[in-house]
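The structure appears right after this line, and notes come after that.
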Amino acid sequence: MTDHIVSRLRALEVETPSWGYGDSGTRFATFTQAGRPRTVFERIDDAAEVHRLTGTAPAVALHFPWDAVDDLSALRAHADGAGLRIGAVNPNLFQDPDYRLGSITNPDARIRDKAVAHLIECVEISRALGSSAQSLWFADGTSYAGQDDLRARRARMLDCLARLYEALPPEQELLLEYKPYEPAFYATDLADWGSALLVCQRLGERAKVLVDLGHHLPGANVEQIVAILAQEGRLGGFHFNNRKYGDDDLIVGSTNPWELFLIFVELGGDLPRLTIDQSHNVERKVEAMVLSVVNLQEAYAKALLVDREALAAAQAAGDVLGGHETLLDAFRTDVRPPCASARAALGAADDPVAAFRSGDWQERATAQRGEDVAVAGGWGR
């Protein structure tokens, strides 16, 4: 069984996000750290260090225009040279002042056209970088009843996304994210998995739903959502993070490791795109990303330990606690040894967090990039 787990872990792949390495903080402040990456090239270097330590993070997701460069071929070459490939491309449609009342749902057709132009621009960016996915999250919504016509907003959204989907080349897929609130507080235009699924079904087979673990109301059964989307063939991937109250974007598995384990139980061996989406408040970015990847490795390893035959037998017999205890047995197993073996087989560190702390990456980054670099371009950069 250990050999089987090690083999599966060696094939596990996780995308880390370029924006997870830059400045971040809270809604009230952005905190600059010593050695912060100043460019997308340095963010890729940080992502490469995470992959070197974990063996499981060979792709980096990018965000535009945060990661905009004059020469996309140079950016792709830099990623190749760092041993990485470009993951999903994430358009930004929530920081331009024009999008105050929405982007693709805005009442102003001129602004909707501007939003669609950026979406199609990101399709071309993806083509140049070798990316196979557009990962879309929209802040569009309303904060007050009567602010706008809800049905008209949906119609505008469908029209704009249809224009994007028509421009999508065969090698790319569209991943559609949802969120119940924030920054809109009365009605978010893509508020839940059902809303996103309906839109994807209207667009076509290459449109799928992306599940962000922080984008659910308290008490939501995320693993059931995963099961439904997977059964419908519309589970496009994840933005992994963790939450206590809202969209906290904490380290993966830091608050609810049981939920993370159950998600992998539902996925079984058929893994979609796995991307980390974190906004570290005070922790060091590379170290935090390493810990998130390690937590994903361990949750996946535990899910691989589930005795599926015993679980099915208990469920068929109506043995309520028998099925539950079958899951608990796997969840309580110490999987650190097989995870360390898998990392060693990949040429990575047995204990990536300890290796980072005992290494000199942070000191070298600080020496090269500076102790305190002023924010260049705002949050996320």
Side-chain angles (χ1 to χ4, degrees), residues 27 90-123 134-168 173-222 224-226 228-229 232-239 243 245-249 277:
R27 289 191 299 133
N90 296 254
N92 184 318
L93 292 169
F94 51 85
Q95 287 189 313
D96 190 307
D98 275 349
Y99 301 141
R100 183 174 64 91
L101 298 179
S103 59
I104 60 172
T105 64
N106 198 294
D108 188 332
R110 178 189 63 82
I111 294 175
R112 295 199 303 276
D113 289 344
K114 174 180 175 178
V116 172
H118 176 57
L119 291 170
I120 294 175
E121 175 191 25
C122 284
V123 169
Q134 299 294 311
S135 183
L136 310 180
W137 173 71
F138 298 99
D140 294 34
T142 56
S143 290
Y144 297 95
Q147 178 181 328
D148 199 358
D149 186 306
L150 298 179
R151 299 186 188 190
R153 293 181 73 86
R154 176 173 167 78
R156 298 170 201 146
M157 175 175 60
L158 287 168
D159 173 70
C160 289
L161 289 178
R163 291 158 62 188
L164 168 63
Y165 192 81
E166 185 178 0
L168 210 63
E173 61 182 358
L174 185 154
L175 307 177
L176 195 58
E177 197 171 348
Y178 55 90
K179 191 175 185 181
Y181 72 96
E182 193 188 41
F185 293 103
Y186 172 67
T188 305
D189 291 314
L190 279 169
D192 52 39
W193 67 271
S195 300
L197 175 60
L198 287 172
V199 171
C200 289
Q201 290 173 332
R202 290 278 292 267
L203 293 176
E205 292 298 320
R206 285 181 291 123
K208 299 180 180 180
V209 180
L210 187 146
V211 177
D212 186 306
L213 268 62
H215 288 195
H216 300 89
L217 295 173
N221 189 324
V222 179
Q224 185 180 33
I225 295 169
V226 170
I228 294 170
L229 292 173
E232 293 296 318
R234 294 287 182 161
L235 179 62
F238 289 89
H239 271 182
R243 51 169 272 162
Y245 298 107
D247 185 23
D248 305 332
D249 280 346
D277 179 16

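Computed from a predicted model, the values in this text were never measured in an experiment. When reading the values below, keep in mind they use all heavy atoms of this one structure, side chains included, and skip hydrogens, waters and symmetry mates.
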#### Entry: Side-chain ion pair, E205 and R234, N-O less than 4.0 Å
yes
key: pair V116-L161: side-chain heavy atoms closer than 4.5 Å   = no
dist C160:SG -> D113:CG (nearest 0.5 Å) comes out at 7.0 Å
Here the pair of heavy atoms bringing L190 nearest to E177 is CD1-O, 3.9 Å
**Item:** Min side-chain heavy-atom separation E166-L203 under 4.5 Å
**Value:** no
With side chain to side chain contact (heavy atoms under 4.5 Å, CB included) as the criterion, how do L168 and R206 come out once you've worked through the C-alpha distance, each side chain's angles and the decisive distance to 0.1 Å? CA-CA 9 Å; L168 210 63; R206 285 181 291 123; 3.7 Å; yes
The reported gap from CD in Q134 to CG in L174 (rounded to nearest 0.5 angstrom) is 7.0 Å
(request) Check the pair V209, Q201 against side chain to side chain contact (heavy atoms under 4.5 Å, CB included), reporting the backbone distance first and the verdict last. (result) CA-CA 10 Å; V209 180; Q201 290 173 332; over 6 Å; no
Check whether Y99 forms a cation-pi arrangement with K114 (NZ or CZ under 6.0 Å from the six-membered ring centre, at most 45° off the ring normal).
yes
In this structure, CG of N106 is separated from CG of L93 (nearest 0.5 Å) by 11.0 Å
* Do S103 and I111 come close enough that some side-chain heavy atom pair is under 4.5 Å? -> no
Check step by step if side chain to side chain contact (heavy atoms under 4.5 Å, CB included) holds for T142 and R153. CA-CA 10 Å; T142 56; R153 293 181 73 86; 3.9 Å; yes
Is the number of heavy atoms from other residues, nucleotides or ligands under 6.0 Å of Q224 CD greater than 12? no
query: Do F94 and W137 make the cut of ring centroids closer than 6.0 angstrom?
result: yes
| message | Given 3.5 Å as the limit, does a donor-acceptor pair link the side chain of H118 with the main chain of N92, or not? | response | yes
Between S143 and A184, the two heavy atoms sitting closest are OG-CA, 4.1 Å
In this structure, OG1 of T188 is separated from NE2 of H215 (nearest 0.5 Å) by 10.0 Å
For A115 and I104, the nearest pair of non-hydrogen atoms, with its separation, is CB-CG2, 4.0 Å
**Report entry** Lys/Arg-Asp/Glu bridge criterion (N-O < 4.0 Å) met for R156, D148
**Finding:** yes
Of all heavy-atom pairs linking R243 and L217, the shortest is NH2-C, 3.7 Å
query = Can D159 and R163 be counted as an ion pair, charged N to O under 4.0 angstrom?
reply = yes
query: Do L197 and L229 touch side chain to side chain, with heavy atoms closer than 4.5 Å?
result: yes
What one should report as the nearest heavy-atom pair of G141 and D189 is N-OD2, 3.3 Å
Rounded to the nearest 0.5 angstrom, the CG-CG distance for D212 and D247 is 5.5 Å
Taken to the nearest 0.5 Å, the spacing of N221 CG from I228 CD1 works out to 8.5 Å
Correct closest heavy-atom pair for L176 and A196 would be CD2-O, 4.0 Å
What's the verdict on side chain to side chain contact (heavy atoms under 4.5 Å, CB included) for D98 and R110, showing C-alpha distance, side-chain angles and the deciding distance? CA-CA 10 Å; D98 275 349; R110 178 189 63 82; 3.9 Å; yes
Is the H216-Y178 ring centre distance short of 6.0 angstrom?
yes
